[in-house]
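On a predicted model such as this, the values are computed, not experimentally measured, just so you know.
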Amino acid sequence: MKNGLVKLRDELSEKISKWFPALSYLPRDNELVKIHGVFRSKNLLKNKDIFVAVEWKDGITSSLPIEMASFLAPGSTFQDKKIVSQTKHERQNVHIISLERVDKASGHYQYLYKTDHGLMKFSGFELARTLLFHNPHLVRAAYTANGVGGLTLVHHDQSPIEISFPESTLYPLRFIKSKSTRTHLAWLVLDVEAKKSAHSVFESFNKGQGELGFKFVPPNLEGWLLEVSVRADSEDIAEVVRVENILEAVFNEGAADVLVSHPKDKDQSSKDKIDAAKKGQTPADDTDPELELGEIPRLGKRLHIERSKGFSFGCSAIRSVKSSKGKKASGSKHSPPAEAPDIEKEKAGVGLIEKDGNAQEFSPTINQDEEITDTVYLPQKFRLFGEVIEEVGKSDGIKLFQKAKCYRFPAPANQSKVVYKTQYEGRLKYFVAILELTGSQLVLVEADTSNLRTPKGASTLILGLKEDAKANFEEILQSFSDKGAQWSHDFINERCYFFNPCRHPPLKEKGKIRTDQEYKEKWVSDLREKLRLFRKPS
């Protein structure tokens with residue numbers, strides 16, 4: 001019986017090799033339009049035997065290593081290893097009401113959900129990509145018997161609950177640096193539905209004996225809030241092309257506070273950091289290597305990380321997901337200058353790192369945006385800005401679309417260092433919220449320039465961004481960093497159909513210092529006046 005199963009598996013593998021002969025290690029310079037499924041192929045290098053069969057816009061079908069899963073979103077156009085654009089579809093925030101049925105006509109399951117926007121169809125792979133496959137370590141964990149539970153230890157008897165990585169962990173510290181990544185990890189290892197769902201990847205793949213398909217079973221999504229890009233599939237069903245964000249996940253274990261502990265999370269003093277800065281910087285972890293994904297990653301090499309921006313995972317029931325600091329860092333060591341000439345490009349590979357490897361580990365990731373959400377570290381002005389925006393959002397004809405959030409400005413692309421000269425750790429922060437007027441969305445941006453070492457005055461920017469709003473917004477932020485923490489109004493105007501800065505109210509009125517309440521009321525009043533000037537583009 002066992003020999004018969006082995007023979008069947010080998011026959012299926014041979015068929016799959018004929019169907020998908022191009023076992024590529026690099027995405028094609030083309031648009032990905034469809035995922036056919038996941039399969040195992042024979043006679044390949046160790047740790048590289050699982051592939052995703054994909055179809056491109058020009059009709060070519062090829063296969064990519066399973067470690068690329070987080071990047072394989074339909075409508076994504078690749079250039080070498082990078083996602084350079086994504087097709088645009090109508091975006092909707094949808095509440096999942098119930099699962100109506102599962103389409104099992106092909107090996108790649110499709111899930112039909114009843115939502116507050118009608119029936120919607122999700123592919124199993126897109127659900128797994130956004131629920132589980134946020135980085136290659138989580139992808140590989142899903143295809144092992146121990147699953148994500150094999151990565152961490154969970155101490156339920158503590159308050160807050162502690163999720164700790166063992167001393168020998170290969171899981172990179174940077175993958176738990178933001179609250180969104182820690183929230184996602186906590187959901188994966190604590191929620192019973194999440195664990196069952198992740199195990200279904202391993203279980204169905206092994207039962208499939210190598211056949212092409214993807215029979216992932218998602219958790220119960222009833223009550224979840226998702227942001228999705230959709231296109232009409234029929235009069236009654238909308239097809240979800242991509243899950244753009246998980247705005248609110250249901251946590252089945254009740255509200256919880258969580259502490260995430262990593263052995264490499266060192267508590268380095270400010271003095272040590274200043275000393276290290278004087279002695280130079282090590283090269284960035286994601287120095288652009290020659291990408292040969294067939295190479296074997298080596299233990300001790302740096303990661304080469306490619307981030308797909310814009311996706312985040314939210315779950316308000318996991319109230320506090322703090323990072324526990326490890327042992328204190330040792331004294332700083334001399335590092336090579338950041339501008340060392342003729343740095344030889346390194347190679348990158350996928351799969352588990354090995355002692356005898358020769359390349360960096362290539363690590364495509366999502367859910368890595370630098371959102372700052374630990375309120376203990378936020379400046380006081382963030383709280384005030386949030387209160388002002390909420391008050392403005394109650395005005396007639398104005399709707400608060402997105403509450404105030406806090407982020408860091410991008411690293412300068414030139415030699416400017418101003419955004420690093422702050423009164424707190426790290427780069428300068430900014431606050432952003434979105435208001436909706438007459439069906440249009442306006443982005444309000446507030447730079448935290450009062451917390452520069454040399455404080456500057458500031459205005460609240462009101463931006464009606466032109467088409468491809470995400471790219472235009474990122475360019476405006478980058479310009480601010482590059483220009484020494486200054487807004488270029490001409491640069492902003494080129495990227496907006498509506499732009500109106502609102503200066504902060506003066507601290508004094510008629511020689512008398514305003515109270516906090518008076519200052520807030522004046523700020524709200526000024527913003528309302530500026531917003532009345534908005535006109536929808538014709």
Side-chain angles (χ1 to χ4, degrees), residues 20-36 48 51-89 91 125-126 129-130 133-136 139 229 241-244 283-295 297 302-311 343-351 359-370 410-414 465-479 481-482 495:
F20 302 102
L23 296 176
S24 356
Y25 286 100
L26 195 64
R28 301 175 69 249
D29 290 357
N30 210 297
E31 181 187 325
L32 189 154
V33 295
K34 189 175 182 180
I35 304 292
H36 286 283
K48 294 186 175 65
F51 286 81
V52 185
V54 299
E55 185 176 324
W56 304 93
K57 193 171 184 179
D58 60 5
I60 300 294
T61 303
S62 65
S63 310
L64 294 169
I66 190 65
E67 287 86 355
M68 296 291 298
S70 61
F71 266 25
L72 302 184
S76 299
T77 297
F78 290 85
Q79 189 175 81
D80 190 31
K81 58 192 173 290
K82 301 178 187 293
I83 296 175
V84 292
S85 66
Q86 289 189 321
T87 54
K88 290 181 172 60
H89 300 277
R91 286 199 182 196
F125 191 88
E126 179 61 9
R129 184 184 76 85
T130 51
F133 297 160
H134 290 195
N135 65 62
V139 176
S229 284
V241 180
R242 290 184 301 273
V243 177
E244 304 289 0
D285 282 359
D286 48 353
T287 305
D288 190 19
E290 294 176 0
L291 197 67
E292 297 182 22
L293 294 181
E295 301 292 328
R302 298 189 306 275
L303 284 176
H304 174 79
I305 293 180
E306 288 290 338
R307 296 178 178 87
S308 179
K309 295 184 177 180
F311 176 87
I343 295 175
E344 184 179 351
K345 281 189 175 182
E346 298 187 69
K347 296 177 180 180
V350 296
Q360 291 178 281
E361 180 187 351
F362 178 65
S363 189
T365 64
I366 59 173
N367 196 27
Q368 286 282 304
D369 290 3
E370 287 192 275
N414 53 21
L465 294 159
K466 289 181 179 177
E467 191 174 352
D468 202 354
K470 182 175 179 290
N472 283 320
F473 186 57
E474 288 176 353
E475 288 176 6
I476 290 170
L477 296 175
Q478 188 67 57
S479 171
S481 292
D482 295 347
R495 287 154 182 79

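Take S70 and apply the side-chain contact (heavy atoms from CB on, under 4.5 Å) test, not counting sequence neighbours, and it matches P364, I366. Not counting sequence neighbours, S308 has no partner by the side-chain hydrogen bond (donor to acceptor under 3.5 Å, both in side chains) test. With sequence neighbours excluded, no residue forms a side-chain hydrogen bond (donor to acceptor under 3.5 Å, both in side chains) with N414. For T87, the side-chain contact (heavy atoms from CB on, under 4.5 Å) partners at least two apart in sequence or on another chain are E31, H89, R242. In this structure K470 satisfies the salt bridge (Lys or Arg N to Asp or Glu O under 4.0 Å) test together with E474, sequence neighbours excluded. Under the salt bridge (Lys or Arg N to Asp or Glu O under 4.0 Å) criterion, D29 pairs with no residue, sequence neighbours left out. N472 pairs by the side-chain hydrogen bond (donor to acceptor under 3.5 Å, both in side chains) definition with nothing, not counting sequence neighbours. Looking at residues two or more places apart in sequence or on another chain, you find a ring pair (Phe, Tyr, Trp, His ring centres under 6.0 Å) between F78 and W56. Listed by chain and residue number, L465 satisfy the side-chain contact (heavy atoms from CB on, under 4.5 Å) test with A469 (two or more places apart in sequence, or in another chain). Partners of K88 by salt bridge (Lys or Arg N to Asp or Glu O under 4.0 Å), not counting sequence neighbours, listed by chain and number: D468. Residues passing the side-chain hydrogen bond (donor to acceptor under 3.5 Å, both in side chains) test with N135 are Y171, sequence neighbours excluded.
Taking each heavy atom of Q478 and A411 in turn, the nearest pair found is NE2-O, 3.0 Å. When all heavy atoms of S76 and Q86 are compared, the closest pair comes out as OG-NE2, 3.0 Å. Shown here for A53 and S63, the closest heavy-atom pair between the two residues is CA-OG, 4.2 Å. Nearest approach of A69 to V139, heavy atoms of both residues: CB-CG2, 4.1 Å.
No donor-acceptor distance shorter than 3.5 angstrom exists from the side chain of T365 to the backbone of H134, with no hydrogens or angles considered. Side-chain atoms of E126 come within 3.5 Å of backbone N or O of V243 as a donor-acceptor pair.
At least one side-chain heavy atom of F311 sits under 4.5 Å from a side-chain heavy atom of T130. With a 4.5 Å cut-off on side-chain heavy atoms, P74 and K34 do not count as touching. Using a 4.5 Å heavy-atom cutoff, the side chains of V54 and T61 are not in contact. With a 4.5 Å cut-off on side-chain heavy atoms, I83 and T77 do not count as touching. Two residues are said to be in side-chain contact when any heavy atoms from C-beta on lie closer than 4.5 Å; L72 and I35 meet this criterion. Residues V52 and F125 have side chains in contact (heavy-atom distance under 4.5 Å, counting atoms from C-beta outward).
Interatomic distance, CZ of R28 versus CG of L64, reported as 10.0 Å (0.5 Å rounding). To the nearest 0.5 Å, atom CG of residue N30 and atom OG of residue S62 are 9.5 Å apart. R129 CZ to F71 CZ: the interatomic distance, rounded to the nearest 0.5 Å, is 9.5 Å.
The neighbour count for K57 NZ, taken as heavy atoms of other residues, nucleotides or ligands under 6.0 Å away, does not exceed 12.
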